[in-house]
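Heads up: the structure comes next, in structure tokens.
Please read these numbers as outputs of a predicted model, since none were measured by experiment. Proteins come first, then strands; the chains are lettered A, B, ... in the order of their sequence lines, and each starts at number 1.
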Amino acid sequence: MAAAAQEAIHEHDHHEESFVSKYIFSYDHKMIGKQFLLAAIFMGVVGMMLSVFFRIQLAWPGESSDFLNLFLGDRWAPEGILNQDMYLGLVTIHGTIMVFFVLTGGLSGTFSNVLIPLQIGARDMASGFINMMSFWLFAISSIIMLASLFVESGPAMSGWTVYPPLSALPQAVSGSGLGMTLWLTSLTIFIASSLIGSLNYISTVVNLRTKGMKMTRMPLTIWAFLITAIVGVLSFPVLLSAALLLFMDRVMGTSFYLSEIIVGGEMLDNVGGSPVLYQHLFWFLGHPEVYIVLMPALGISSEVISTNSRKPIFGYRAMIGSLLAIGFLSFIVWAHHMFVSGMDPFLGSVFVFTTLLIAIPSAVKVFNYLTTLWKGSIIFTPAMLFAIGLVSTFISGGVTGIILADSALDIQVHDTYFVVAHFHVVMGLSAIFGMFAGIYHWFPKIYGRMMNNRLGYAHFWTTIVSGYGVFLPMHFVGLGGAPRRYYNNSIFDTFNPTAGEMMLDLNVIITVFAIIGAFGQVFFFFNFFYSIFRGPKAPLNPWRSNTLEWTTPTAMPGHGNWPGDLPVVHRWPYDYSKPGADDDFIPQTVPLKPGEEEH
Amino acid sequence: MGSKLIIILVIIFGVLAIAQLVRVSELTAKHTKRKEEDIPENENKFNANMMLIFMIALYAGFIYLMLEYGYMNLGPAASAHGQEIDWLFDINWIIIVAIFFLTNSLLFIFAWKYVKKPGVKAYYYAHNNKLEMVWTVIPAAVLSVLIILGLRTWNDTTAKAGVEFEDIEIFAYQFAWTARYSGMNNELGKFDYKLTTAENPYAIMTKENIERSLSLMKVGELGQSGIQMLEDKLNDRSIMLSADERKDLEKELGRKERMSRLLEAMSITYADSLDELANDDVIVEDSLVLLKGQKYNFSFRSKDVIHSAYFPHFRAQMNTVPGMTTYFKFQPIYTTEEMKGQLDDSNFEYALLCNKICGGSHYRMKMSVKVLGPKEYLEWQKTKSTYDGTPWIEGNEAKLLEYYETITSRLDEN
């Protein structure tokens with residue numbers, strides 16, 4: 001059946017395509033991947049700009065900035081001073097855009113689309129139409145989210161977690177009016193996009209593998225995308241229900257999350273709801289979401305590190321096992337975000353246990369990466385640099401998770417900048433490094449041209465230096481007891497002037513690095529867009545890699561990927577520097593020699 | 001305007017500069033037939049060395065931050081359980097810093113050492129079950145210890161408060177805090193959010209407050225219509241109402257009728273003993289004043305949205321949730337004066353901060369906290385009066401002081 005369907009797609013390919021069907025409403029997974037990538041880069045620029053705005057406020061509170069006035073106008077930055085409500089709007093939308101639109105839609109959307117069919121030897125996704133739908137729903141939800149920035153009463157202002165009652169009551173903060181309605185609408189559409197996308201990835205991996213591509217011969221990227229998609233399918237619906245109940249509380253007068261509230265002098269008659277319920281529902285997605293963001297990055301780095309160390313990835317089965325373990329455990333750790341929410345402390349102790357367990361598979365992954373590098377023959381392509389950067393940030397951000405997972409310690413650092421630093425390193429930096437590694441590595445396959453290496457080096461070094469420059473000091477701001485989402489830290493001057501002063505010093509350092517980091521991305525944007533049009537033509541297998549995507553007869557494969565027969569797989573994808581072989585790589589399509597062991 | 005122009009120009013020139021650099025490298029590549037996919041040895045070497053340099057810079061930065069900003073002048077934990085938390089934190093911190101240095105060093109040193117060298121082939125090494133077992137079991141063992149230690153502290157910290165604890169209620173609203181002491185009987189007066197009025201902002205349940213709220217619902221006051229006025233208005237044919245206005249009025253009427261029914265029920269079941277509970281409570285709006293060594297059981301309540309009561313110096317935090325009472329207990333062990341000495345900062349003061357996003361002025365939601373010795377605490381108490389207007393303490397000062405002194409001195413002995 002599947003083979004016949006693929007032939008049909010292949011036949012279809014011979015028709016002339018119009019501009020619209022080729023570039024806009026395309027069914028081709030590679031084009032959809034490119035669309036996701038470009039959309040995510042755009043959203044990433046917006047998210048980064050927002051963060052620069054509020055970092056300026058935090059470093060130089062009360063000082064007039066023409067830069068802020070230029071972008072935010074007199075409505076939100078009168079005389080160049082950021083409005084305190086808009087500050088919350090900026091952090092909220094920054095978080096939402098980065099987590100959902102860049103690191104979920106962008107990372108998983110781009111690379112699952114580009115790589116799944118190419119690496120498993122399929123002509124396209126199981127359903128091209130659903131795939132196209134997935135992108136356009138993503139685009140619509142992005143537009144709605146961006147539009148919410150321009151609403152008169154401001155965008156959602158209750159943090160990216162949008163906890164009710166704050167997010168349910170426009171009387172409590174202006175952003176909980178139309179801005180919040182748009183936020184919920186956007187997220188609902190986003191969830192639909194993510195769900196149908198994930199279903200498509202799962203069915204493609206399960207059904208459309210080419211001959212010989214056993215599950216145990218799949219590249220780790222595919223394993224990562226598969227598990228990510230499964231986790232997404234199981235957790236996003238819960239967020240959808242949370243959003244729906246919140247919507248009903250806001251519009252229809254229900255009391256799921258609201259109880260005994262007096263706001264703006266008005267006594268609400270909602271009784272019996274529980275805001276803690278929302279937190280349970282939100283984090284039931286929210287925590288798996290962290291791994292939805294992280295796992296594709298880990299998969300990409302496994303592939304990139306193995307290829308560029310010219311060594312098999314160490315412990316292939318352990319890598320799959322740890323992905324599965326992380327995927328499973330990610331569902332039973334959510335309440336570690338709620339140790340001080342007022343939930344039963346006994347429940348807290350259960351979640352301490354499960355949360356710390358997740359450190360074990362994570363540690364296994366790190367050690368396996370290290371052993372892969374050991375005695376390798378490392379080639380520092382820009383992709384490899386970013387993959388190594390990922391391992392470093394995964395370590396540095398992961399270890400502070402041990403403190404946060406410990407409920408007794410979380411009492412002190414909960415919701416301080418320590419948490420902000422922790423998750424930005426472990427999921428922000430790591431995931432974005434994974435994304436950059438993927439872009440540099442597969443750019444020749446996506447656009448048929450090479451990116452400039454030297455700009456890549458410059459991009460990597462400025463990014464990792466400024467990344468650590470921002471988030472390493474931020475841990476200490478948090479240890480100093482500074483709560484997150486504070487418009488400024490002037491309050492410290494009223495009870496501990498010395499700490500207040502130090503806090504401000506650190507905030508200036510952080511902001512300077514953030515601005516350097518933002519400018520560092522210019523290396524990337526320029527390199528990326530320039531190389532799409534003017535980069536040197538890519539050879540078929542530039543990184544001398546084993547996986548199937550490099551076996552297509554053209555550098556930029558057409559619709560259907562392989563014009564003739566689909567490739568047949570004979571071995572796992574990590575035969576690098578295998579003893580007895582002439583070359584230091586053996587593509588998956590090369591049959592085993594008589595007497596050769598698979599691995 | 002001038003600086004806006006400069007910003008734009010800087011960006012434009014930046015892009016142009018990169019474009020020129022690329023052009024140069026493009027031309028040299030053409031000239032030397034260099035291909036992007038073949039990384040030249042010198043570039044590879046450069047990145048390998050950068051790995052080592054970066055590692056050293058990272059560690060230098062980290063150590064500098066540790067020395068300079070270690071605990072950022074939060075000072076030693078000012079509560080009994082806080083000391084336990086700090087001890088646990090130190091253990092965890094040592095372990096994670098060790099892992100941080102060890103694994104990052106391996107990573108960057110491997111990256112530097114195993115850079116591609118001509119004639120050297122990578123070592124084909126696909127798996128080793130024993131090795132993998134080792135690095136599964138070691139983290140598991142370390143984590144088990146951390147889990148056990150962590151849960152022990154957590155259970156102590158969150159255990160139910162005993163009778164020796166004094167009850168204080170912290171009431172949170174946008175954007176301030178109020179403390180209510182339970183007074184001489186150490187029992188807080190009851191509350192119900194429906195009783196909130198301008199005269200009774202903390203919704204405390206007394207007979208008088210119930211009656212006032214009830215009359216407000218039924219009769220109303222200046223600027224706020226009661227049920228009667230609403231009914232009159234709806235039935236008055238001489239007033240022209242649009243459909244929307246009528247609907248709004250009907251909605252308000254319905255709400256008020258429900259509220260007044262509930263208030264009536266409250267007034268019927270009301271027992272006079274509840275007045276006694278409430279009348280000796282002491283409400284304090286400016287700062288929370290605590291006695292050194294006294295164990296406190298805080299209950300938290302919110303009027304509008306979720307806030308979080310964060311006492312950074314006491315290592316204490318609990319969300320305040322509308323519709324739900326939450327608890328946290330701690331025992332302050334240093335007076336404000338002692339802490340000033342410890343931190344060598346004469347302006348130091350303890351604080352209660354809001355640590356859950358709650359609206360525009362979230363960052364200003366603070367209450368100052370003072371921990372006093374027995375004498376000063378008693379002096380402060382004497383200036384306060386209870387809910388029904390009588391002085392907090394009457395007559396038995398000497399006895400109280402003696403009692404406070406035993407509490408504080410017991411702490412000093414330990």
Inset, instruction - Please indicate whether B:Lys251 has more than 12 foreign heavy atoms, meaning atoms of other residues, nucleotides or ligands, lying under 6.0 Å from its NZ. - result: no
Legend entry - Side-chain heavy-atom pair B:Pro312, B:Leu353 within 4.5 angstrom cut-off: yes
Inset, instruction - Tell me, for A:Tyr530 versus chain B, whether the close heavy atoms (under 4.5 Å) come from the side chain, the backbone, both or neither. - result: side chain
Legend entry - Contacting region of B:Thr325 [heavy-atom separation from chain A under 4.5 Å]: neither
Inset, instruction - Select one option (side chain, backbone, both, neither) describing which atoms of B:Val115 are under 4.5 Å from chain A's heavy atoms. - result: both
Legend entry - Proximal component of A:Met451, with respect to chain B [non-hydrogen, under 4.5 Å]: backbone
Inset, instruction - Under 4.5 Å heavy-atom distance to chain A, tell me which part of B:Glu36 shows up: side chain, backbone, both or neither. - result: both
Inset, instruction - Let me know if B:Met324 has heavy atoms under 4.5 Å from chain A in its side chain, its backbone, both or neither. - result: side chain
Legend entry - Flag if over 12 foreign heavy atoms under 6.0 Å of CH2, B:Trp112: no
Legend entry - Residue part contacting chain B, namely of A:Tyr87, when any heavy atom lies under 4.5 Å: neither
Legend entry - Part of B:Leu149 within contact of chain A (heavy atom distance under 4.5 Å): neither
Legend entry - Portion of A:Pro536 that has a non-hydrogen atom of chain B nearer than 4.5 angstrom: side chain
Inset, instruction - Please say whether more than 12 non-hydrogen atoms of neighbouring residues, nucleotides or ligands are located less than 6.0 Å from NZ in B:Lys366. - result: yes
Legend entry - Heavy-atom proximity to chain B below 4.5 Å, by part of A:Tyr468: side chain
Inset, instruction - Answer with side chain, backbone, both or neither: which region of A:Asn452 has an atom nearer than 4.5 Å to a non-hydrogen atom of chain B? - result: both
Inset, instruction - With a 4.5 angstrom heavy-atom cut-off, could you sort out which part of B:Tyr173 is near chain A: side chain, backbone, both or neither? - result: neither
Legend entry - Ring-ring centroid check B:Phe348 B:Tyr350, cutoff 6.0 Å: yes
Inset, instruction - Let me know if B:Met51 has heavy atoms under 4.5 Å from chain A in its side chain, its backbone, both or neither. - result: both
Legend entry - Which portion of B:Asn129 sits near chain A, non-hydrogen atoms under 4.5 angstrom: neither
Legend entry - Part of A:Phe367 within contact of chain B (heavy atom distance under 4.5 Å): both
Inset, instruction - Count the heavy atoms belonging to other residues, nucleotides or ligands that lie under 6.0 Å from NZ of B:Lys35, then report whether that count exceeds 12. - result: no
Inset, instruction - Answer yes or no: is there a side-chain heavy-atom contact under 4.5 Å between B:Leu146 and A:Ile402? - result: yes
Legend entry - Heavy-atom side-chain proximity of B:Asn47 to A:Tyr457 below 4.5 angstrom: yes
Legend entry - Portion of A:Phe353 that has a non-hydrogen atom of chain B nearer than 4.5 angstrom: both
Legend entry - Under 3.5 Å: donor-acceptor pair, side chain of A:Asn489, backbone of A:Phe492: no
Legend entry - Proximity breakdown for B:Met259 and chain A, heavy-atom pairs closer than 4.5 Å: side chain
Inset, instruction - Check whether the ring centres of B:Tyr125 and A:Trp374 lie less than 6.0 Å apart, and answer yes or no. - result: yes
Legend entry - Segment of B:Thr158 engaging chain A (4.5 angstrom heavy-atom cut-off): both
Legend entry - Region of A:Met267 that comes under 4.5 Å of a non-hydrogen atom in chain B: both
Legend entry - Centroid-centroid under 6.0 Å between B:Phe328 and B:His81 rings: yes
Inset, instruction - Using non-hydrogen atoms and a 4.5 Å limit, figure out which bit of A:Pro164 sits close to chain B: side chain, backbone, both or neither. - result: backbone
Legend entry - Under 4.5 Å from any heavy atom of chain B - which part of A:Arg534: both
Legend entry - Any B:Trp154 side-chain heavy atom under 4.5 Å of A:Pro345 side chain: yes
Legend entry - Ring-ring centroid check B:Tyr69 A:Phe476, cutoff 6.0 Å: no
Inset, instruction - Say whether, by atom type as modelled, one donor and one acceptor occur between the side chain of A:Ser577 and the main chain of B:Tyr123 under 3.5 angstrom. - result: no
Inset, instruction - Check whether B:Phe300 gets within reach of chain A through its side chain, its backbone, both or neither, counting any heavy atom under 4.5 Å. - result: neither
Inset, instruction - Could you check if a side-chain atom of A:Arg544 sits within less than 4.5 angstrom of a side-chain atom of A:Asp584, using non-hydrogen atoms only? - result: yes
Legend entry - Region of A:Trp543 in contact with chain B, defined by heavy-atom distances below 4.5 Å: side chain
Legend entry - Contact class of B:Arg258 relative to chain A, heavy atoms under 4.5 angstrom: side chain
Legend entry - Portion of B:Ala48 that has a non-hydrogen atom of chain A nearer than 4.5 angstrom: both
Inset, instruction - Select one option (side chain, backbone, both, neither) describing which atoms of B:Ala19 are under 4.5 Å from chain A's heavy atoms. - result: both
